[in-house]
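Sequential numbering from 1 along the given sequence is applied to the chain's residues. What's counted below: heavy atoms across the whole structure, side chains too, no hydrogens, waters or symmetry copies. Counting convention: from 1, in listed order, for ligands and their atoms alike. Everything numeric here is computed off the predicted structure, so don't read it as measured data.
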Amino acid sequence: MKNSLIVNRERCIGKRDKMIFGQFIEHFHRIIYDGIYCPSSSLSDEDGFRSDVIEALCKIAPAIIRWPGGCFVSSYHWRDGVGERRTLFDKAWRVEEDNSFGTDEFVKLCQKLNCEPYICTNAGTGTAEEMSDWVEYCNLPCEGENAKLRIKSGNKEPHNVHYWSIGNENYGSWEIGAKTADEWALLVTESAKMMKRVDPTIQLSAAALSDVNWNLKLLERAGDYLDWISIHGYWDFPGANNECASYEQALAFTKNLDGAIKKVEGILAATGRSDKIKIAYDEWNLKGWYHPNSHTKHVPADKELYITPRDKNDDNSKYTMADAVFSACFLNTLLRHCNSVRMANYAPTVNGRGLVYVHDDGIVLRSTYHVFDMYINLLGEEVVDLWVQKSEITEVKDKWNNKVVIDKLDAVATKCEDNTLAIALVNKAEGENAEVAINAEGNKKWRLYTLNGESADSFNDVNHPDSVKIAETEIECDGETVKVILEPHSVNVLKAIE
Ligand code: AHR
């Protein structure tokens with residue numbers, strides 16, 4: 001066999017936290033309004049949430065959802081979205097925001113999905129006091145005007161929001177209220193101090209990146225207050241005309257997917273904080289979102305130049321097996337780093353570059369949705385040792401026509417609660433099968449779940465919702481070695497059944 005893997009089920013790498021399959025929703029385009037929250041739709045429940053979307057998300061059981069941004073949050077004031085709502089102009093995305101979806105609605109959504117709410121605060125134009133007042137509103141039983149405002153808004157019991165992040169990408173010139181590393185370390189310290197004085201039990205993160213200077217200043221000054229450090233990852237930026245990477249070009253992005261993780265792991269180790277502070281990859285997606293003329297210095301006045309183009313994010317033909325194969329490789333990376341990366345949030349969940357496309361009459365489950373379905377519902381929580389004894393390689397061209405050599409196979413082994421093996425296997429090659437031999441550990445019967453379409457460019461859409469779907473086959477072996485043939489450009493899970 002050209003590819004062979006050796007699994008050592010007795011050697012546990014770590015237990016993954018379900019929060020690595022987390023989600024992110026932002027007040028951008030049709031993610032919230034006309035996405036998850038559509039009170040006027042006949043398909044929505046009594047609280048205004050699309051029932052079909054809730055049902056689809058329940059199946060992938062996000063353990064945590066991050067909200068309200070993203071760039072949006074850096075000029076968002078939470079009081080405008082509770083009690084009597086204020087209709088304002090959102091300076092981040094340059095649209096009117098009626099704030100009908102606010103903190104209470106977000107917490108209600110998380111209750112429906114049985115997941116943890118994770119609130120990202122405004123460290124752009126916001127203050128330490130405003131951030132800590134938000135913690136008061138959510139978590140104090142009744143003390144002070146903010147908790148009393150929650151009660152007056154109809155929520156007698158505290159929302160008990162346990163996860164909070166200070167800021168979003170405040171290191172970036174595109175962000176409203178961008179900060180220098182020194183300014184950032186001070187603001188995070190003072191904000192964290194006040195937030196934890198309101199509720200010392202909250203878990204706090206802060207916006208960071210894999211930059212040593214930014215993180216060392218942040219950790220040196222604010223490290224004692226932090227439980228997480230947040231980083232983001234987008235690989236294929238769509239350019240002026242939503243030019244997305246081809247399947248081959250997308251494969252090039254799968255090389256060194258753990259580069260940022262290893263740098264942050266090193267910084268945490270060097271500062272002695274590896275045990276206390278974990279990594280939250282709290283925005284990630286193969287594709288950057290398409291919003292031309294939004295983050296530039298000289299923004300246009302013509303909405304046709306900066307609002308209308310956002311509809312191109314809803315072009316389902318862009319979400320193919322490239323997105324599925326990349327996302328599976330990224331989730332495999334998180335599983336391999338499960339002791340340091342304990343949260344990750346797909347950006348975004350609905351519409352845009354999301355897992356689920358929502359239209360007036362229903363939804364479309366994109367290729368990436370099925371990757372989450374497989375990884376959450378088929379893999380085990382214990383990551384065990386897997387040695388890639390042999391893997392074919394394949395050469396691809398990246399988006400800039402550079403040659404990149406990558407492994408054809410990307411695999412991670414897990415052990416389920418019933419002690420059976422479940423192995424994630426990705427065949428990245430566009431035009432050929434991958435023949436793989438794996439030590440069977442006495443298991444003579446296996447089930448192979450394969451996510452695929454007819455071609456690497458297959459995608460799901462309103463008129464063909466199952467072009468990309470999961471198929472199952474059973475494989476028998478002698479108990480010594482199980483041999484599988486993985487289809488081209490496919491995401492697979494191989495589960496031992498006897
Ligand atoms: O493109 C969407 C933006 O990407 C998010 O709002 C921000 O957090 C990231 O830069």
Side-chain angles (χ1 to χ4, degrees), residues 22-33 35-36 64-76 90-95 97 101 106 118-126 163-179 184 205-211 214 228-245 253 260 279-297 299 306-315 318-319 323 327 330 343-355 368:
Q23 299 293 328
F24 168 58
I25 57 175
E26 176 170 2
H27 290 241
F28 170 79
H29 199 232
R30 296 192 320 111
I31 298 174
I32 306 271
Y33 306 113
I36 288 181
I64 193 164
I65 298 183
R66 176 173 179 256
W67 168 84
C71 293
F72 169 81
V73 76
S74 290
S75 54
Y76 173 70
D90 160 20
K91 296 182 178 67
W93 297 118
R94 302 176 64 213
V95 293
E97 167 64 56
F101 188 95
F106 171 59
Y118 171 31
I119 291 180
C120 180
T121 62
N122 172 3
T125 63
Y163 296 91
W164 295 81
S165 167
I166 298 171
N168 176 78
E169 299 186 355
N170 302 84
Y171 45 78
S173 58
W174 58 84
E175 199 74 13
I176 291 174
K179 303 283 185 300
W184 184 239
S205 182
L209 63 177
S210 56
D211 175 80
W214 180 272
W228 300 83
I229 190 166
S230 289
I231 59 176
H232 291 173
Y234 296 97
W235 284 261
D236 179 19
F237 285 94
N241 300 305
N242 198 25
E243 305 102 351
C244 297
F253 288 122
I279 299 169
Y281 224 122
D282 58 18
E283 281 184 36
W284 71 271
N285 193 317
L286 164 63
K287 292 181 169 71
W289 301 6
Y290 185 60
H291 37 66
N293 303 313
S294 294
H295 286 170
T296 47
K297 289 184 174 59
V299 293
Y306 72 91
I307 297 285
T308 307
R310 295 174 185 177
D311 289 338
K312 289 186 179 179
N313 286 289
D314 292 341
D315 174 359
K318 298 292 183 188
Y319 309 104
D323 303 84
S327 297
F330 187 74
M343 183 197 309
N345 305 72
Y346 193 75
T349 310
V350 167
N351 287 335
R353 304 290 196 201
L355 305 173
T368 44

- Message: I want to check a possible cation-pi pair here: Arg310 against Phe28, using under 6.0 Å from ring centre and within 45° of the ring axis as the test.
- Response: no

- Item | Ring centers of Trp235, Phe330 separated by less than 6.0 Å | yes

- Query: Considering distance alone, does some N or O of Cys71 sit under 3.5 Å from an N or O of ligand 1?
  - Reply: yes

- Message: Is the distance between the ring centroids of His295 and Trp289 under 6.0 Å?
- Response: no

- Query: Which ligand 1 atoms does Asn168 reach within 4.0 Å, using its non-hydrogen atoms?
  - Reply: 7 (C), 8 (O)

- Note on the structure: Honestly, for Tyr234 the part within reach of ligand 1 (heavy atoms, under 4.0 Å) is side chain

- Task: For atom 8 (O) of ligand 1, find the nearest protein heavy atom and state the residue, atom name and distance (0.1 Å precision).
- Result: Glu283 OE2, 2.7 Å

- Message: If you apply the rule side-chain contact (heavy atoms from CB on, under 4.5 Å), what do you find for Tyr118 with Trp67, and how did you get there?
- Response: CA-CA 6 Å; Tyr118 171 31; Trp67 168 84; over 6 Å; no

- Item | Side-chain ion pair, Glu283 and Arg66, N-O less than 4.0 Å | yes

- Should you measure from each heavy atom of Glu26, which atoms of ligand 1 turn up under 4.0 Å away? 5 (C), 6 (O)

- Message: Regarding atom 10 (O) of ligand 1: of the candidates Glu169, His291, Lys287, which has the closest heavy atom?
- Response: Glu169

- Short list, please: which atoms of ligand 1 are under 4.0 Å from a heavy atom of Trp289? 1 (O), 2 (C)

- Under 4.0 Å from ligand 1, counting heavy atoms only, is it the side chain of Trp93, its backbone, both or neither? side chain

- Would you say the side chains of Asn345 and Tyr281 form a donor-acceptor pair under 3.5 Å? no

